[in-house]
Number of protein chains: 2
Amino acid sequence: MVTAQGESVLRGSPYRADCPTRRILDRIGDRWTVLIVGALWDGAARFSELRRRIDGISQKMLTQTLRGLERDGLVCRTVYPEVPVRVEYTLTEAGRTLRDPLRALEEWSIAHLGDVSASQEAYDRGSTSS
Amino acid sequence: MVTAQGESVLRGSPYRADCPTRRILDRIGDRWTVLIVGALWDGAARFSELRRRIDGISQKMLTQTLRGLERDGLVCRTVYPEVPVRVEYTLTEAGRTLRDPLRALEEWSIAHLGDVSASQEAYDRGSTSS
DNA sequence: CCGTATCCGAATTGATACTG
DNA sequence: CAGTATCAATTCGGATACGG
């Protein structure tokens with residue numbers, strides 16, 4: 001549970017900012033990465049199709065996030081030099097292994113979102129009704 | 001896998017920004033939340049002890065993140081009206097359930113960080129050596 | 001079609017100073 | 001000890017315009 005790169009975030013102290021989990025969260029914690037991975041789940045997709053599938057993403061952020069994922073070796077970008085050019089994105093094998101941890105997180109979210117929302121409302125009520 | 005609140009991020013389209021997973025990632029995706037949850041893993045801790053344990057966190061961010069976790073019902077704050085005052089933080093039962101998904105993420109990180117770093121270096125070399 | 005470049009406002013974070 | 005308040009720096013994200 002402890003590597004040469006850094007210590008566990010969940011156990012051990014002090015908790016270093018450059019531990020593996022923090023580095024990965026810096027990647028998947030942003031607004032779009034998880035959405036893109038999800039959109040590529042079923043297979044390859046073109047740039048414009050991703051743009052259509054992911055509600056609200058701008059062209060800039062789609063490009064930027066895809067570049068980051070490509071740099072990390074999680075997404076593969078293939079250019080077909082046709083006219084007009086066609087670009088397809090797919091998850092790499094490493095990218096597909098993200099499925100399990102992401103699913104665990106999703107299941108936790110679905111199971112606890114109600115409690116969290118209720119707790120938030122209770123907390124906010126307590127603050128305003130002084 | 002699909003709730004009344006929103007659709008799965010991993011499957012289904014379009015991928016909505018207000019799905020459960022996105023809401024939870026908005027919480028744990030920030031720079032400090034996971035570190036704090038990790039620091040509270042072994043049991044209760046005082047404010048200043050957390051500050052010492054979490055490398056590089058500022059007083060402001062520790063307070064702010066703890067407030068957020070408290071609002072979400074994941075952390076419990078207890079004030080002991082001694083002199084000087086003592087404040088202890090613990091994970092709630094809901095907070096402790098975060099263990100499994102966080103562990104899954106940590107294990108993925110540890111298993112793949114090497115590959116990711118190598119991929120990054122290769123990618124960066126390819127860009128600069130034009 | 002698939003981007004890149006630039007500008008700008010909004011949100012995050014940190015440093016610092018001060019309070020019960 | 002355990003915060004709150006304020007300000008400045010940085011980063012993020014979106015809109016727009018343009019290029020291969």
Side-chain angles (χ1 to χ4, degrees), chain A residues 15-18 22-23 25-36 39-40 44-71 75-90 123 126-128 130, chain B residues 15-18 22-23 25-36 39-40 44-72 75-90 123-124 126-128 130:
Chain A
Y15 300 88
R16 298 179 53 79
D18 61 342
R22 264 258 46 86
R23 302 250 327 250
L25 277 168
D26 284 343
R27 157 122 315 294
I28 71 164
D30 67 30
R31 197 179 296 286
W32 302 113
T33 294
V34 172
L35 266 11
I36 291 179
L40 288 174
R46 304 182 56 170
F47 185 87
S48 43
E49 192 185 344
L50 286 175
R51 190 144 152 63
R52 253 176 285 115
R53 285 216 275 207
I54 300 173
D55 184 50
I57 195 169
S58 67
Q59 192 173 37
K60 174 186 172 181
M61 292 315 297
L62 181 54
T63 301
Q64 199 173 103
T65 311
L66 283 169
R67 287 293 173 279
L69 285 166
E70 190 192 359
R71 191 173 100 103
V75 155
C76 177
R77 176 174 183 267
T78 312
V79 181
Y80 298 92
E82 307 167 352
V83 184
V85 68
R86 182 164 59 98
V87 182
E88 276 193 352
Y89 293 91
T90 56
Y123 185 95
S127 301
T128 51
S130 58
Chain B
Y15 299 89
R16 299 180 52 77
D18 62 342
R22 265 258 42 89
R23 301 253 326 253
L25 277 168
D26 284 343
R27 156 124 314 295
I28 71 163
D30 67 28
R31 196 180 297 286
W32 302 114
T33 295
V34 173
L35 266 10
I36 291 178
L40 288 174
R46 306 182 55 168
F47 185 86
S48 44
E49 192 184 342
L50 285 175
R51 190 143 150 64
R52 251 176 286 118
R53 287 216 272 207
I54 301 174
D55 185 51
I57 195 170
S58 67
Q59 193 172 35
K60 175 185 170 181
M61 291 316 296
L62 180 54
T63 300
Q64 199 172 103
T65 310
L66 282 169
R67 288 291 173 281
L69 285 166
E70 191 192 356
R71 191 173 100 103
D72 290 349
V75 154
C76 178
R77 176 175 182 267
T78 313
V79 180
Y80 298 93
E82 307 167 354
V83 184
V85 67
R86 182 164 60 99
V87 181
E88 277 194 351
Y89 294 91
T90 56
Y123 185 96
D124 295 343
S127 301
T128 51
S130 62

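Residue numbering restarts at 1 for every chain, and letters A, B, ... go by the order of the sequence lines. Not measured: the values here are computed from a predicted model.
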Checklist entry - Under 4.0 angstrom, heavy atoms only, what part of the nucleic acid is R67(A) near: base, sugar-phosphate, or nothing? => result sugar-phosphate

Item to check | chain A footprint on DNA chain C, 5' to 3' - any atom under 4.0 Å from a heavy atom | outcome: dC1(C) to dC7(C)

Checklist entry - Any side-chain heavy atom of R53(B) sitting closer than 4.5 Å to one from L35(B)? => result no

Checklist entry - Taking only residues two or more places apart in sequence, or in another chain, which ones meet R46(A) in a salt bridge (Lys or Arg N to Asp or Glu O under 4.0 Å)? => result none

Checklist entry - Are any of Y89(B)'s side-chain N or O atoms less than 4.0 Å away from OP1 or OP2 of dC1(D)? => result no

Checklist outcome for this item: Value for CD1 (I36(B)) from CZ (R31(B)), rounded to nearest 0.5 Å, stands at 13.0 Å

Checklist entry - Side chains of L50(A) and L66(A): closer than 4.5 Å at any heavy-atom pair? => result yes

Item to check | R86(A), CZ: over 12 other non-hydrogen atoms inside 6.0 angstrom | outcome: yes

Checklist entry - If you round to the nearest 0.5 Å, how far is CG of L69(B) from CD1 of I28(B)? => result 10.5 Å

Checklist entry - Can you check the R46(B) CZ to dG3(D) P distance for me, whole Å? => result 10 Å

Checklist entry - By a strict heavy-atom criterion of less than 4.0 Å, which residues belonging to residues 76-86 of chain B are in contact with DNA chain C? => result none

Checklist entry - Over how many whole Å does the gap from E70(B) atom CD to dG3(D) atom C1' extend? => result 13 Å

Just distance, no hydrogens or angles: give the donor-acceptor pairs under 3.5 Å from side chains in residues 57-64 of chain B, sequence neighbours left out.
residue	atom	partner	partner atom	Å
S58(B)	OG	M61(B)	N	3.2
T63(B)	OG1	Q59(B)	O	3.1

Checklist entry - Of all heavy-atom pairs between L40(B) and Y89(B), which one has the smallest distance, and what is that distance? => result CD2-O, 3.3 Å

Item to check | Whole angstrom value for the distance that separates C1' of dC1(D) from CD of E88(B) | outcome: 13 Å

Next on the checklist: If the condition is salt bridge (Lys or Arg N to Asp or Glu O under 4.0 Å), which residues does R71(B) pass it with, not counting sequence neighbours?
Outcome noted: D124(A)

Checklist outcome for this item: Looking only at heavy atoms, the pair that brings P81(A) and V79(A) closest together is CD-O, 3.5 Å

Item to check | With E70(A) via side chain to side chain contact (heavy atoms under 4.5 Å, CB included) - residues at least two apart | outcome: R67(A), R77(A), Y123(B)

Checklist entry - Could you give the angle between the helix axes at the two ends of the helix from dC1(C)-dG20(D) to dG20(C)-dC1(D), with five pairs per end, rounded to 10 degrees? => result 40°

Checklist outcome for this item: Under a 4.0 Å heavy-atom criterion, the protein footprint on nucleotides 9-17 of chain D, written with B, S and -, is ----BBB--

